[in-house]
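The sequence lines fix the lettering, A, B, ..., with proteins before strands; numbering per chain opens at 1.
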Amino acid sequence: MKDQPLVVFNTLTRRKEDFRPLHPPFTGMYVCGPTVYGDAHLGHARPAVSFDLIFRYLKHIGYKVRYVRNITDVGHLENDADDGEDKIAKKARLEQLEPMEVVQYFTDRYHRNMDQLNVLRPSIEPRASGHIIEQIEMIRRILNAGYAYVVNGSVYFDVEKYAQKYHYGKLSGRVVDELLVNTRTLEKQEEKHNSFDFALWKKASGEHIMRWPSPWGEGFPGWHMECSAMGTKYLGDTFDIHGGGMDLLFPHHEAEIAQSTAALGHESVRYWLHNNMITINGQKMGKSLNNFITLNEFFQGAHPLLEKAYSPMAIRFFILQAHYRSTLDFSNEALQAAEKGLKRLMTAYVTLQRLTPGTVSHSDVPALRQACYDAMNDDFNSPVVIASLFEGARIINSVNDGHESINKADLALLHTIFNDFVFGILGLTGEELNQKQLVDGLVETIISLRRQVREAKDFKTSDLIRDELRRLGILLKDSREGTTWELE
RNA sequence: GGUCUCGUGGCCGAGGGGCUAGGCAGAGGUCUGCAAAACCUCGUACAGCGGUUCGAAUCCGCUCGAGACCUCCA
């Protein structure tokens, strides 16, 4: 079952293809990571969880995966691709911090959020600012190949020239002639030959603080350069998978293809995988619409649109219940449904631990396992995996209730299925109860029961309760106002 | 305006020419001191209109509606 071909939907061909890595058992995957100028929101969780699922599954079926996910800390501009302020630099100016302080702060917070979601760390997490040399080198190669031009200390990609030999727009379906008509003409773009040309290197103006020396003067790299440079640096000139959000298809990924092809003479990426968006009230949740809810807000319930707090695992499960290429609509109702479904699955797992085998099985457990692999092999169809796992939960509960039985081999298989898929591949974890809340609640409950006993003048029982708690290190103190407690 | 998606029962979501997922919510039942959990049963959904076909939610066309990208966004 693991030997069945894995089929993935390649955005480049718009169809499902057999996944055949270049150098099995090794495979490489590059995914566009966050620009660290703010807290991660639910939209950021989608690619993180989706590609975590893919990373986990590839490893599960035996690949040695090198997973590269970058941190964008320079070059990502606001407003338009060539003349906005750098997002990081802007934040630094507003907060009166060094840009790298902003980067460190939000990178740390991003990592914390990803850990909470049980998203595995990538194998390599390169930063754009740490790869200026590689980017300059790649720009030089593009220039040498004749697909870029220098103007006044900046370097631009020559899309028209490139399009004469290669297919610009092959990933996103854009047509160069139409781009000319449809691309907005923006201010201060007179340096470019064509409006659709994009910056590889930008000259730094006087007040620009994030700047590096280059053959073309002091400046900084264009946003698209980092991924081309770092992807090929760590995964080779040709590598298997490149992922990211669908909103990056154009221009970001299209530009990446053009850059790599111009510099190397061939494309770098074999399979392009794109996750869809999370919507809120039918619209994409994103920075620009200012309709996003951060992960921390979800975890704390601290947002007007949230009826309550949602645990990281509820969020993860919510995301996995939809296929990664479908839009997923946020609502409190949907989130609460996910929360309850997750609880049902986890409770079944606990029940599974105390099941004892019988002589016959009434349910087809091997078929269940097969269904899980079939679903994953069909472009990572996690919702179908989850449906099968719920069938597993049904079997567990029925056996537990004595409505059916399961033989020894099938019981062992059920353990394997849950361990492999629930924890290993879907990456779900049991919710940890908040220990402090739990202790507080328990002690308060005991104190209130003891009060009833005391009111009934049953001091023998009330003293017994106090002594037993004291043995655990919990000291009860009775006073006129009532009973308080503390840990000794 | 261009390119491209998508419209599935109260909600979320798979599937994708005949075998009609799953979760949540709801109804009934079993169990039960009560409750919870669990199990069983139930609703018979595919935007509309045509067409192809023995047969369409699934293919084709049109209409309506929603969204994404075309500018930074995961």
Side-chain angles (χ1 to χ4, degrees), chain A residues 11 14 31-35 37-38 40-51 69 72 76-87 90 169 172-175 177-179 181-186 195-196 198 223 243-252 254 274-279 281-292 317-318 320-345 347-348 351 371 375 378 381-391 393-404:
Chain A
T11 312
R14 312 225 169 235
V31 175
C32 292
T35 301
Y37 66 110
H41 60 75
L42 184 59
H44 292 99
R46 188 89 193 263
V49 170
S50 297
F51 289 100
R69 188 186 63 204
T72 297
H76 206 160
L77 308 183
E78 292 209 321
N79 304 325
D80 68 78
D82 302 308
D83 217 73
E85 186 173 9
D86 185 287
K87 288 174 185 240
K90 180 183 179 186
S172 60
R174 290 304 120 99
V175 178
D177 291 345
E178 288 170 0
L179 276 175
V181 179
N182 291 321
T183 305
R184 258 201 256 170
T185 305
L186 296 154
S195 56
F196 47 64
F198 52 89
W223 174 41
M246 278 184 183
D247 50 351
L248 299 180
L249 259 168
F250 192 90
H252 187 53
E254 199 68 65
H274 289 94
N275 64 274
N276 215 318
M277 301 294 107
I278 285 181
T279 57
N281 297 323
Q283 277 197 313
K284 172 182 164 181
M285 181 182 283
K287 289 269 190 190
S288 52
L289 288 166
N290 206 34
N291 60 355
F292 60 92
F317 193 68
F318 170 68
L320 291 171
Q321 269 194 308
H323 188 261
Y324 77 94
R325 281 191 290 110
S326 300
T327 55
L328 173 59
D329 197 52
F330 155 83
S331 70
N332 280 283
E333 210 177 353
L335 233 28
Q336 282 164 32
E339 198 171 46
K340 288 180 183 172
L342 175 64
K343 188 182 172 213
R344 179 174 155 80
L345 211 52
T347 304
T351 305
D378 183 15
N381 198 329
S382 55
V384 170
V385 172
I386 289 170
S388 294
L389 291 171
F390 276 118
E391 168 64 9
R394 204 219 90 238
I395 295 170
I396 290 167
N397 289 327
S398 289
V399 172
N400 187 51
D401 285 359
H403 293 142
E404 61 179 270

Using a cut-off of 4.0 Å on non-hydrogen atoms, how would the nucleic acid contact of [X] be classed: base, sugar-phosphate, or nothing?
{"X": "A:Met246", "answer": "nothing"}
{"X": "A:Gly43", "answer": "base"}
{"X": "A:Asn400", "answer": "nothing"}
{"X": "A:Leu328", "answer": "sugar-phosphate"}
{"X": "A:Ala387", "answer": "base"}
{"X": "A:Ser326", "answer": "sugar-phosphate"}
{"X": "A:Leu249", "answer": "nothing"}
{"X": "A:Lys340", "answer": "sugar-phosphate"}
{"X": "A:His41", "answer": "base"}
{"X": "A:Asn397", "answer": "sugar-phosphate"}

Closest to the [X] side chain, choosing from [options]:
{"X": "A:Gln283", "options": "B:A74, B:C69, B:A68", "value": "B:A68"}
{"X": "A:Pro383", "options": "B:C69, B:A21, B:C12", "value": "B:A21"}
{"X": "A:Asp247", "options": "B:C72, B:C39, B:C69", "value": "B:C69"}
{"X": "A:Ser331", "options": "B:C69, B:C11, B:A14", "value": "B:C11"}
{"X": "A:Glu333", "options": "B:G2, B:G15, B:G10", "value": "B:G10"}
{"X": "A:Asp401", "options": "B:C39, B:G23, B:C69", "value": "B:C39"}
{"X": "A:Met285", "options": "B:G23, B:A68, B:A74", "value": "B:A74"}
{"X": "A:Ala337", "options": "B:A68, B:C40, B:C24", "value": "B:C24"}
{"X": "A:Val384", "options": "B:C40, B:A14, B:C70", "value": "B:A14"}
{"X": "A:Asp329", "options": "B:G15, B:C12, B:C39", "value": "B:C12"}

Taking atom [atom1] in both [N] and [M], compute the distance separating them and give it to the nearest angstrom.
{"N": "B:C4", "M": "B:C62", "atom1": "P", "result": "13 Å"}
{"N": "B:C11", "M": "B:C46", "atom1": "P", "result": "13 Å"}
{"N": "B:A45", "M": "B:A56", "atom1": "C1'", "result": "15 Å"}
{"N": "B:U5", "M": "B:C12", "atom1": "P", "result": "23 Å"}
{"N": "B:G28", "M": "B:G15", "atom1": "C1'", "result": "29 Å"}
{"N": "B:A47", "M": "B:A36", "atom1": "C1'", "result": "41 Å"}

Tell me whether the side-chain N/O atoms of [X] come closer than 4.0 Å to OP1 or OP2 in [N].
{"X": "A:Arg344", "N": "B:C39", "result": "yes"}
{"X": "A:Arg394", "N": "B:C40", "result": "yes"}
{"X": "A:Lys343", "N": "B:A37", "result": "no"}

**OP:** For the residue pair A:His252 and A:Trp223, categorise the inter-ring angle as parallel (less than 30°), tilted (30 to 60°) or perpendicular (more than 60°).
**Re:** parallel
Rounded distance (Å) that lies between atom [atom2] of [N] and atom [atom1] of [X]:
{"X": "A:His44", "N": "B:C72", "atom1": "NE2", "atom2": "C1'", "answer": "12 Å"}
{"X": "A:Leu320", "N": "B:C12", "atom1": "CG", "atom2": "C1'", "answer": "14 Å"}
{"X": "A:Asp177", "N": "B:G2", "atom1": "CG", "atom2": "P", "answer": "16 Å"}

**OP:** Please say whether the positively charged group of A:Lys287, taken as NZ for Lys or CZ for Arg, lies over the ring of A:Tyr37, i.e. under 6.0 angstrom from the six-membered ring centre and within 45 degrees of the axis.
**Re:** yes
Original post:
Taking the six-membered ring of A:Phe51, is the NZ or CZ of A:Arg69 close enough (under 6.0 Å from the centre) and on axis enough (within 45°)?
Top reply: no
